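Predicted model, so just to flag it, every value in this text is computed and none were measured. Proteins come first, then strands; the chains are lettered A, B, ... in the order of their sequence lines, and each starts at number 1.
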Amino acid sequence: MSGLRSFVVRRLVLGAGQTAGVVLLVFALTEALPGDAAVTLAGDRPEPERIAAIRASMRLDLPAYERLAHWAGGLLHGDLGRSLVTGRPVTGYLADGLAPTLLLAALTVALLVPAGVGLGVLAARREGGRADRLISSVTLGIYAVPEFAFGVLLVFVFALRLGWLPPTAVGYGGDLLARPAALVLPVAVLLARPVCSISRLVRAGMLDALASPYVAQARRYGIGAARIRYAHALPNAVAPAAQQLARTVDWLLGGVIVVEALFVIPGLGTVLLTAVSARDIPVVQGLAVVFGVLTVALNLAADLVTHRLAPRTGVAA
Amino acid sequence: MTARATAARPWARFTLGALLVCLPLALALLGPLFAGAAGPRGASFTVGGGALLGTDFAGQDVARQVLLGGRSVVLIALSATVLAYAVALPLAFAAALTHRTWLEELLMRPLDVLLAVPSLLMVLLVATVFEPGAAGLAVLVALVNVPDAARIVRASAAEAAARPAVEALRMQGESWWRIAVGYVARSCLRTLAADAGVRMTGVLYLVATAAFLGVGVDPDAADWAVMVDRNRTGLFVQPWAVVVPALLIVALSMGTNLLGDAGLADRAGTGRTKGRTRKGSVG
Amino acid sequence: MSGHDTGNQRGTAGEWAACVEELRIEMPGGRRIVDGVSLTVRAGAVTALVGASGSGKTTTGRALLGTYPDGAEVAGRVRVADGGPVGYVPQHPAAVLNPARRVGALLSDIARARLPALPRRERRAAVRARVLAALALAQLPEGPEGEALLRRHPHQLSGGQQQRVVLAQALLLGAEVVVADEPTTGQDALTKRRIVTELARLTGQGIAVLLLSHDLDVVHALADEVVVLRAGRVVESGPADRVRTAPRHPYTRELLAFGAEFAAPDGTQEDAEAAAPAAPPRTDGLRIRLAAARYRDRTHSGGSVTALRDTALDVLPGSCLAVVGRSGSGKTTLGRCLAGLHRDWDGTLTLDGAALPHSVRSRTPGQLAAVQYVFQDARAAFDEHRTVEAQTARTAVRLRGTPADAAREEARATLARVGLDATLAARTPGRLSGGELQRAALARALTAEPRMLVCDEITSGLDAVSRRDIVALLGALLRERDGMGLVLITHDLDTAAALADRVAVLDGGTLVEAGPARRLLTTPTHPFTASLLAAARQRVPARG
Amino acid sequence: GAGGSGSDGSGGDAGPPRRGGRLRAAFAGGGANETLDPHLANLFSDVARAKALFDKLADFGADLTPRPRLAASWQPNKTLDRWTVTLRKAAFHHGRPVTADDVLFSFRRIADPAKAFRSKADLDPIDLKASRAKDPRTVEFHLKRPTAEFPDVLAAFGAYIVPAGTRSFDRPVGSGPFRHVSFAPGRSTVLRRFDDYWDGAPHLDELEFVAADEESARVNALLGGQVEYAHELSPATARAHEGRGQIRIVRLKNSAMQAFAMKTDRPPFDDKRVRQAFFLLADRAELVRGALSGAGEIGNDLFGKGYAYYADGLPQRTQDLDRARQLLKQAGAQNLKVTLDTSDVAAGFTEAAGIFRDQAAKAGVRITVRHRDKDSYWSDILESGTLCSYRSGAMPIEMHLSQRLLTDSTTNATHWHHKDFDALYQQARSTADRGERTALYGRMQRRLHAEGGFLVWGFADWIVGTAQRVRGVSRTAPANSLDWARFDKVWLA
Ligand SMILES: Nc1ncnc2c1ncn2[C@@H]1O[C@H](COP(=O)(O)OP(=O)(O)OP(=O)(O)O)[C@@H](O)[C@H]1O
Ligand SMILES: Nc1ncnc2c1ncn2[C@@H]1O[C@H](COP(=O)(O)OP(=O)(O)OP(=O)(O)O)[C@@H](O)[C@H]1O
Ligand SMILES: [Mg+2]
Ligand SMILES: [Mg+2]
């Protein structure tokens, strides 16, 4: 057990450093962006005096490192700070954005894993056959259409033409669970692209695994076809897809800006975008902490899967 | 006997991919030759009129833009993917082939930091700060893809890198490159191809979205991906400005991937054709 | 798709359980690797298929499984009565063990598939019981040690253990027909005896076994019927006793001859050694001082298992050290430590007085060339995409700086020396037979012109004739290349006796005895050595 | 050109207003940073919300002249530096009447130097220290200088009246037609009819503002019946749905000036011949067609087409490449290379930049389009660069002049510094007679037309979509004027 435990502990310790790195990187980049919160708040009336006044009221006249240090000091006490623009606590921003984001992400992943793996396995089973080509073409085709166009298309057909589903979740606010119909299209759009990347990776891995002697032996020994596919071949095929899945979850939690905008689901992506364009650094930093921690956790999980599925690694001289 | 049929016509499985890839590729290569000079601008989002495919969001002739817009798509897709892999592969293989934990952590953990920043945001932030040109943006987009690609390559290489065959290669004093590329990469070629194929398309739109937000390529540039992105507001007035370039990209992406599939199936093709019975044999 | 045909007409006692009629397997280019082979495997009996390395045994055996080489043209008829699955113990067991699954899972899957529908809990208990029983039958440890084994991954097993796991799978399958391709190559004499006994008991219960083996002892002990193959053709077949006692074909006679004789250690070297007993301790050669070699193993308390401890050995140039011992006793571990393939060990290794880095990665090309290792599993140790010749040549290019063209020439010559002609050498490893590959692996290491050659079970897959050739070759090398030292890891005491000057005996990770070959092989002092020797000397009891 | 804006709803507004119902209006929002503080209002959504909850003393009519709102009337003294404003009888949502103290409190809050509210500069003419409440319904404003257009100040962008003493806007209380029910920043704001509204209670029972940043989301929500009013639609959307019977398209003309701003104090634009040449480079019709998708009118290098005081007698400028080339040659600026700063901060900017680049190229002027960050764009272009995309919402022409074209203007994007021009403005400001003022503004505009720094090529329509059953939406009010986004007169048929 100790090898694994020390691996996890080391990664968590490094993870703290990585999160700090994320925060620093994001801070540096946001600082380097032209303008600051005062300038963006001034909008199309950038009167220099007014900007100076806003700047003073936001304490933006302090040097960057002092502001960062101040913010980091608060973080040690579990305080993520307050928004420069509204003065509301950053935790509130995160909490508001997190709920819809988590809901969407959870639903999407819950469907994505079986769909991606299932399609990948199916395509691999019939390599070069009609099913394979159909699955590959359709998923690739959808992948090559940008989310936005795909979303507009789905809305047009299923919401506006057929009237089966609401076109957006406008006004539903945090109460998305009560309106499951409003989630169907966003989840469909969110699924469209990752299904392709994951099923393609699973397919590739499965082709190699299914052609392997151990699978031939398992077949010969009369083990059920499904069991061979999912318990024997899949573990050897799924490591890259697990990494891709971690990336997808990352993306679902932090970057589904297009879907959020198209279906009016104000999640973390929207919070992030607004905060960046307002140069609301405390909020951006708070998000960076969240993303950093999530990424560390996801990467660790994905690496544990890889580690578990290729147990020989680390043994080699 | 299907195996035999395929074997008899090995080109058959390439046809679909080849057909799909032909049109966009031909347009990309030859399109600019036929585009001709720019006519006067019309109103935006008109259908018909003088222009075959109507006009786009800025009143430019869609047909002409389509003819012009393939070259950069193909160039960016290829060069950004190649570049992303050129960086990701050595990193990933170094991590997979080393036995020094610290080295692996040193190579991979900093990449994780980049992963934590959503890629579009990353591109926007960096591009806004450094104001790269079109080529610079392609490079940036490629680099944003590096951590992702590196992790996937690393994961798929993990098993192959630990095989006795690699030990034997080390025993022979083989160079790191030959082990990495000649054996490990070859062993996970399918996964690499699958990832690269999909990544290629992703890269295109990241560039296009960045263009829309004002970095890199001109937002009214002749580029299929940019066209899809920019003309979407007029989708219901002037569908061609979106549909035509989108279909071309779909064909390009689908075609290359299917060709890749066929190529790899060909490579392993014999492996799937088990023994054949000569006609007339018993049983 | 092929002549493979499974009917339901289960042969009655003594009836055929599987039969091959006029099987012809032709490779593209017209070479027939199996040419008109017919044989029958009867229920409750063992049919042994013997023949030189590359004669087509494996290819014929796999035909019973319905598997043929890629791109082959198959004609003839293969029938398996009962239609049930056919058990298969392949020549390279590692390949059929799923690297991502634990041994326990690999076994219980098969057990479960064979069980009738039962309530969940009972089912689990029944599966367990069966798995444990199969472990015992396959001579794998039971009790807590067995439990630990079940939690391991295949790569954490020794070569012999892997083979026994595959055997256990075949036993669990409960198939009526079993194709056993060299099922004992990785086993020491003691284990081999027990396995043979178990196999005999099993056949007694009505199972039909097609045994492909070079080990004439095993063939003798088990076979009811023997089919002799030569270059894909049956040269002789008949009841085992008849073939053994009165072979009709000269090829059979040649094949059987070597096994009969127990080559006594030829005393020349030892005499020489004895003649100069007062010589000062030599500093050249390989000096091994190993305190402990560990494997990380989460199934073990403490997270690691010590596979080898306190081993001090010297190998002088021009001499041969044979390392023998039970399967799983740490022989491969020792070899891998020498080769720099195992890192986690304490101690020192010096070659000609200079310390050798522990890891192969830190060794200079010169050091790499100086110590070469021939892997136990030859198939896994080759790159499946490149030809054997190309891979062999690379050793010379990389380690000795030979120009590519010259290296190819040299590789071809070395491969020829181990009995592989140019057409074989130009193939990828997947298209060679087990024995051919083993010899290719040897050739690859020899191309480095090593000062020390560590050979891990390099004759296990060879027929008597080829083995004799290889032993002769190695013997010649010990003399001719002045100063090459040889560490020969083997279960085959005959080979050890033929080559070794000194013998080291390992048991459970400790060096129990080491000494001059003649003394050790004739008058062992340690009881373990004695038991090993006794097991080897004693003919495996024939059935009947 | 654009189709007639009022035509598609012919007869729709007929019949008596119907009371009741809930109207949902979708606006692009400010995300989680939205507040209900009317003085912080910056975005259209903020203003629309503020307008529903609060009132100003005055607001602009369709021609951008001030109309009394909370102020029943205003009266200047002779010298135009003291204005007496009489309040009408109005009450806040909690029942208290609106008094002069509330007015002064609100104005002082806006002008608080520590707060930097947006309208602080607009209220600058007022000497708030000296101003006082003469009685609960009369305010006497003392001004720092004579100001003929003082009512414009009362109608300024964020000059809403809040109850005296208000600190927090969590549960805002105003005197507007709707009262607060709930507010979730970046999501929705629910308001209910205020029955005691001084201008007559609204027809709607409830009004909900929902935030939908993406234009297509607003359109889809409207088409799908999730909202009844969608603000800020694209011209393409308007064309796709106009006259199809599904939704109504309302075009608010002259809502946004579209221009290129030349910095008149630096080369090459410090030479007025170059500026004149640039005026002649632009093919305005092509710009309107291409960049605004036809949804707008061409401009004549002057702000405020259709507003009071607009100099509409000046000849319409058209593209004249030969003359432009000639002028450039005279100015010694052949083979001119200019960088045009633009950004996607406003619709049509990047398109217009591309089109203008191509037009200029025909006269040998090489324009490089540079995309700047949208968040800091307005601030960036104020000092840096030489040529940039520019736009402005509706405001009285006088305000445009004072904010952008005087030496001491704070947002003088063209760096138009001319003492004589300043003097003309001062003169106009202290001229009580409207006719004389009109003449003075005309002179100033002629000067700008001849050699100013704004190349005003067009005026964009502001496009609003409503459900078929929505009635009472003004079809003439430019964005930011009184009747724009005014929901108390709207009803559901
Ligand atoms: N896929 C293949 N393609 C071409 N030749 C092959 C292929 N597989 C085996 N052969 C050749 O067929 C011959 C018979 O091979 P096979 O493996 O049956 O031999 P074998 O009797 O089992 O030998 P060994 O005792 O060495 O295992 C060998 O010469 C081998 O090189
Ligand atoms: N990677 C590993 N992790 C844990 N234990 C291992 C590992 N490799 C080998 N072992 C164990 O170490 C012991 C020695 O293994 P080794 O391979 O040296 O045996 P061997 O003497 O070569 O046996 P054989 O004759 O069967 O090849 C065995 O009990 C084996 O199970
Ligand atoms: Mg064989
Ligand atoms: Mg071994």
- Message: Less than 4.5 Å to any heavy atom of chain A: does that hold for the side chain of Ser379(D), its backbone, both, or neither?
- Response: both
- Task: State whether the number of non-hydrogen atoms from other residues, nucleotides or ligands found under 6.0 Å of Arg59(A) atom CZ is greater than 12.
- Result: no
- Item | Verdict with reasoning, Tyr390(D) to Asp44(A), per side chain to side chain donor-acceptor pair (under 3.5 Å) | CA-CA 10 Å; Tyr390(D) 198 86; Asp44(A) 59 349; over 6 Å; no
- Task: Measure Gln403(D) against the heavy atoms of chain A and call it side chain, backbone, both or neither at under 4.5 Å.
- Result: side chain
- Message: If I measure from the heavy atoms of chain A, does Leu382(D) come under 4.5 Å with its side chain, its backbone, both, or neither?
- Response: side chain
- Item | Val264(A) and Glu214(D), any side-chain heavy atoms less than 4.5 Å apart | no
- Item | Ala413(D) versus chain A, the contacting section by heavy-atom distance below 4.5 Å | neither
- Phe156(A) versus chain D, heavy atoms under 4.5 Å apart: side chain, backbone, both or neither? neither
- Message: So for Val283(A), is it side chain, backbone, both, or neither that comes closer than 4.5 Å to the heavy atoms of chain D?
- Response: neither
- Task: Let me know if Ala159(A) has heavy atoms under 4.5 Å from chain D in its side chain, its backbone, both or neither.
- Result: neither
- Smallest separation among heavy atoms of Ala261(A) and Ala217(D), with atom names: O-CB, 3.5 Å
- Task: Would you mind checking which part of Asp280(A) comes under 4.5 Å of any heavy atom in chain D, side chain (CB onward), backbone (N, CA, C, O), both or neither?
- Result: side chain
- Sort out for me which of Pro185(D), Ala184(D), Gly29(D) touches chain A most, counting heavy-atom pairs under 4.5 Å. Pro185(D)
- Query: Would you say the side chain of Tyr93(A) lies within less than 4.5 Å of the side chain of Asn33(D), judging by non-hydrogen atoms?
  - Reply: yes
- Query: How about Ser216(D) and Leu262(A): do any of their side-chain heavy atoms sit closer than 4.5 Å?
  - Reply: yes
- Under 3.5 Å: donor-acceptor pair, side chain of Asn42(D), backbone of Leu41(A): yes
- Task: Provide the closest heavy-atom pair for Gly224(D) versus Pro167(A) in the form atom of the first, atom of the second, distance.
- Result: CA-CG, 3.8 Å
- Task: Could you look at Asp112(D) and say if it's the side chain, the backbone, both or neither that has a heavy atom under 4.5 Å from chain A?
- Result: neither
- Query: Which bit of Val85(A) comes within less than 4.5 Å of chain D, counting heavy atoms only: side chain, backbone, both or neither?
  - Reply: side chain
- Query: Considering only heavy atoms from C-beta outward, does the side chain of Lys120(D) approach that of Arg50(A) to under 4.5 Å?
  - Reply: no
- Message: Tell me which of these, Thr86(A), Leu33(A), Asp36(A), Val152(A), has more heavy-atom pairs under 4.5 Å with chain D than the rest.
- Response: Thr86(A)
- Query: Under a 4.5 Å heavy-atom cut-off, does chain A meet the side chain of Asn220(D), its backbone, both or neither?
  - Reply: both
- Message: Using a 3.5 Å distance criterion without hydrogens, assess whether the side chain of Gln226(D) forms a donor-acceptor pair with backbone atoms of Thr168(A).
- Response: yes
- Message: Strictly distance-based, threshold 3.5 Å: is any side-chain N or O of Arg88(A) a donor or acceptor partner for the main-chain N or O of Ala32(D)?
- Response: yes
- Quick one: closest heavy-atom pair of Gly35(A) and Ser376(D), and the distance? CA-CB, 3.8 Å
- Task: Side chain from CB out, backbone as N, CA, C, O: work out which of these in Val345(D) comes under 4.5 Å of a heavy atom of chain A, or both, or neither.
- Result: neither
- Spacing of Leu273(A) atom CG and Asp213(D) atom CG [to the nearest 0.5 Å]: 9.0 Å
- Task: Could you check which of Glu47(A), Arg45(A), Glu49(A) has the highest count of heavy-atom pairs closer than 4.5 Å to chain D?
- Result: Arg45(A)
- Checking Tyr377(D) against chain A: side chain, backbone, both or neither under 4.5 Å from a heavy atom? neither
- Query: Any side-chain heavy-atom pair from Lys374(D) and Ser277(A) closer than 4.5 angstrom?
  - Reply: yes
- Message: For a 4.5 angstrom cut-off between non-hydrogen side-chain atoms, does Ile265(A) reach Arg187(D)?
- Response: no
- Message: Is Leu160(A) in contact with chain D via its backbone, its side chain, both, or neither, using a 4.5 Å heavy-atom distance?
- Response: side chain
- Message: At a 4.5 Å cut-off on heavy atoms, which part of Ile51(A) comes close to chain D: side chain, backbone, both, or neither?
- Response: side chain
